[in-house]
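Taking it in order: structure first as structure tokens, then the write-up.
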Amino acid sequence: MKLLALETANEQCSISLVDETQELFFQLDTRAKAQTQTILPMIEQGLQQTGLEVAGLDAIAFSRGPGSFSGVRINAAVAQALAWSQDLPVVPVS
């Protein structure tokens with residue numbers, strides 16, 4: 001199982017690609033309120049470095065809060081858009 005996990009609910013932004021046994025890729029951007037500029041390039045970089053494609057994922061997980069309203073919206077929107085484009089399940093995590 002390959003999973004893309006997204007976190008933008010707080011002021012930082014991070015993504016992780018994992019499989020059943022290990023973390024394949026992790027990136028954290030600590031700049032405050034830069035989620036809208038960084039989340040998609042971070043996902044693209046992770047997919048490129050691991051050789052994965054969105055279609056090859058089994059699910060997309062995202063932090064649904066608590067956190068800032070805008071951060072949670074960014075997180076949910078990106079997760080839902082990517083998942084919808086490939087008919088993948090979305091896993092909200094508190």
Quiz question: by atom type and distance under 3.5 Å, do the side chains of Ser14 and Glu7 form a donor-acceptor pair?
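On atom types as modelled, these side chains do not qualify, holding no pair under 3.5 Å.
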
Look up atom [atom1] in [X] and atom [atom2] in [Y], then write down how far apart they are to the nearest 0.5 Å.
| X | Y | atom1 | atom2 | result |
| --- | --- | --- | --- | --- |
| Leu57 | Asp19 | CG | CG | 11.5 Å |
| Thr8 | Asp29 | OG1 | CG | 11.5 Å |
| Asn75 | Ser63 | CG | OG | 6.0 Å |
| Leu17 | Ile60 | CG | CD1 | 9.5 Å |
| Glu23 | Thr50 | CD | OG1 | 11.5 Å |

Could you walk me through whether Leu52 and Leu24 pass the side chain to side chain contact (heavy atoms under 4.5 Å, CB included) test, one step at a time?
CA-CA 10 Å; Leu52 296 173; Leu24 304 172; 4.1 Å; yes

If you look at every heavy atom in [X] and [Y], which pair is closest and at what distance?
| X | Y | result |
| --- | --- | --- |
| Gln35 | Asn10 | NE2-O, 2.6 Å |
| Gln12 | Leu28 | OE1-CD1, 3.8 Å |
| Lys2 | Gly56 | CB-O, 4.3 Å |
| Pro89 | Ala83 | O-CB, 4.5 Å |
| Val93 | Ala61 | CG2-CB, 4.3 Å |
| Ala79 | Val90 | O-CG2, 4.1 Å |

Would you indicate whether the side-chain heavy atoms of [Y] and [X] approach each other to under 4.5 Å?
| X | Y | result |
| --- | --- | --- |
| Ser16 | Phe25 | no |
| Ile43 | Leu6 | yes |
| Val78 | Phe62 | no |
| Leu82 | Leu88 | no |

Quick one: do Ile39 and Phe26 end up in the same hydrophobic cluster if we chain Ile, Leu, Val, Met, Phe, Trp and Tyr together by side-chain heavy atoms under 4.5 Å apart?
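Cluster IDs for Ile39 and Phe26 differ.
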
With a 4.5 Å cut-off on side-chain heavy-atom distances among I, L, V, M, F, W and Y, is there a chain of contacts connecting Leu47 to Ile15?
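Same cluster.
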
Does Gln45 CD have over 12 foreign heavy atoms under 6.0 Å away?
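Yes.
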
